[in-house]
Amino acid sequence: METGLAGKRVLVTGGSGGIGSACAREFAAEGAHVVVHYNTGRDRAEAVAGEIGGETVQADLTVESEVDVLFGRTGPLDICAAVAGEWPREYVPVWDLPLERWEATLRANLTASFLTARGFLRNVGSGHPSLVFVGSTAGLFGEAGHADYAAAKAALVGLMLSLKNEIVRVAPLARVNAVFPGWTESPMTRGLVDEEQVGRVSRTMALRKVARPEDVARQIVVLASDELSGHVTGQVITVAGGMEGRVVHE
């Protein structure tokens with residue numbers, strides 16, 4: 001099926017990670033020119049860019065000045081996949097949660113997404129720009145021990161719903177959507193998705209398996225494509241094997 005992405009300029013933030021690198025490869029497979037963003041994973045980002053014939057750009061997305069420089073380097077873009085984020089591995093209930101971690105998690109997941117979206121809106125090219133946020137099912141169902149992360153990802157819904165009404169003032173046919181993955185095999189979840197853990201976490205899912213990065217990336221590509229999703233905006237697509245907020249399997 002034709003996606004219409006050939007020749008499009010695409011920025012993938014967090015492109016050195018599991019989902020980000022899968023996104024870069026999937027967009028490139030559709031003929032897009034991909035800018036692979038990274039913060040600290042330079043070697044991985046350069047390997048991905050070399051593989052797909054793309055380019056790399058470095059920035060700490062929580063630092064306003066660095067984001068401004070990033071978008072100055074990329075120039076006008078057609079698509080932005082805002083994948084970058086950070087999940088704090090340590091389980092900490094709210095009553096023990098330090099303000100320092102709370103603020104760091106919100107900066108890495110919410111502030112970074114805001115600055116990315118703002119930079120993209122200031123640099124959109126002509127045509128039909130598309131912005132796709134990547135959230136988490138933690139933002140839909142909550143996640144005990146990770147209230148900071150859940151709150152940041154839940155806030156992406158409000159940001160996305162606001163931006164889908166604002167972006168059309170810049171480009172009348174522009175769209176903003178979000179993909180919220182559940183458990184996914186990636187460097188961020190390494191050691192947490194072995195067979196025993198999958199059996200435990202999938203009790204709330206119809207499909208008793210975790211996603212591959214490609215499962216998430218392909219949904220991002222579908223939402224970014226005007227040919228496939230040209231009348232879709234303001235939507236959250238969940239890639240989580242039918243996850244519910246209740247136990248499905250004993």
Side-chain angles (χ1 to χ4, degrees), residues 5 8-30 32-63 66-67 70-71 73-74 77-89 105 107-117 119-120 130-139 149 152-153 156 160 176-190 192-193 210-225 237 239-240:
L5 294 173
K8 301 290 187 181
R9 281 187 60 82
V10 180
L11 170 66
V12 177
T13 70
S16 64
I19 293 174
S21 61
C23 276
R25 293 185 180 98
E26 294 293 336
F27 276 115
E30 297 301 322
H33 178 79
V34 183
V35 181
V36 181
H37 158 266
Y38 69 94
N39 183 18
T40 59
R42 177 177 178 176
D43 291 345
R44 295 190 301 274
E46 289 184 344
V48 172
E51 174 189 334
I52 64 175
E55 60 186 281
T56 61
V57 62
Q58 188 277 334
D60 181 341
L61 298 180
T62 69
V63 179
E66 293 195 23
V67 177
L70 181 156
F71 282 99
R73 289 182 59 190
T74 64
L77 296 162
D78 299 295
I79 294 164
C80 178
V83 182
E86 184 176 327
W87 179 70
R89 294 180 73 91
T105 303
R107 281 197 305 272
N109 294 284
L110 181 57
T111 301
S113 295
F114 154 69
L115 290 173
T116 298
F120 177 67
S130 179
L131 170 62
V132 183
F133 290 112
V134 174
S136 167
T137 50
Y149 182 74
K153 293 302 188 181
L156 285 180
M160 180 267 295
V176 184
N177 293 285
V179 172
F180 275 38
W183 285 97
T184 305
E185 295 175 358
S186 73
M188 195 162 63
T189 60
R190 185 173 291 122
L192 298 173
V193 290
V210 298
R212 300 169 301 149
E214 292 79 11
D215 295 324
V216 182
R218 288 165 187 163
Q219 292 302 310
I220 294 169
V221 168
V222 167
L223 284 177
S225 164
I237 304 300
V239 183

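From a predicted model like this one, the values you see are computed outputs, not experimental measurements.
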Those residues that, when tested against [X], pass salt bridge (charged side-chain N to carboxylate O under 4.0 Å, His left out) (two or more places apart):
| X | answer |
| --- | --- |
| Arg42 | Glu46 |
| Arg25 | Glu51 |
| Glu55 | Arg9 |
| Asp60 | none |

Would you please name every residue forming a side chain to side chain donor-acceptor pair (under 3.5 Å) with [X], sequence neighbours left out?
| X | value |
| --- | --- |
| Arg218 | Glu26 |
| Thr105 | Asp148 |
| Arg73 | none |
| Lys153 | Asn109 |

Counterpart residues, side chain to side chain contact (heavy atoms under 4.5 Å, CB included), relative to [X] (two or more places apart):
| X | result |
| --- | --- |
| Ala112 | Leu61, Thr62 |
| Ala178 | Phe133, Met160, Phe180, Val236 |
| Gln219 | Val179, Ile237, Val239 |

Passing option when Val12 is tested against Val36, Val35, Val83 for side chain to side chain contact (heavy atoms under 4.5 Å, CB included):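 Of the listed residues Val36, Val35, Val83, the side chain to side chain contact (heavy atoms under 4.5 Å, CB included) partner of Val12 is Val83.
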Which of these passes side chain to side chain contact (heavy atoms under 4.5 Å, CB included) with His37: Thr13, Thr74, Thr116, Thr56?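 Testing His37 for a side chain to side chain contact (heavy atoms under 4.5 Å, CB included) against Thr13, Thr74, Thr116, Thr56 leaves exactly one candidate, Thr13.
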Could you measure the distance from the OG atom of Ser130 to the CZ atom of Phe120? Nearest 0.5 Å is fine.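 Spacing of OG (Ser130) from CZ (Phe120) equals 7.0 Å.
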Going from OG1 on Thr184 to CZ on Arg212, what distance comes out if it is rounded to the nearest 0.5 angstrom?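 That separation rounds to 11.0 Å.
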Test Val48 against Val34 for side-chain contact (heavy atoms from CB on, under 4.5 Å), laying out the working first. CA-CA 10 Å; Val48 172; Val34 183; over 6 Å; no
Between Asp78 and Val10, is a side-chain contact (heavy atoms from CB on, under 4.5 Å) present by the stated rule, with each step listed? CA-CA 6 Å; Asp78 299 295; Val10 180; 5.9 Å; no
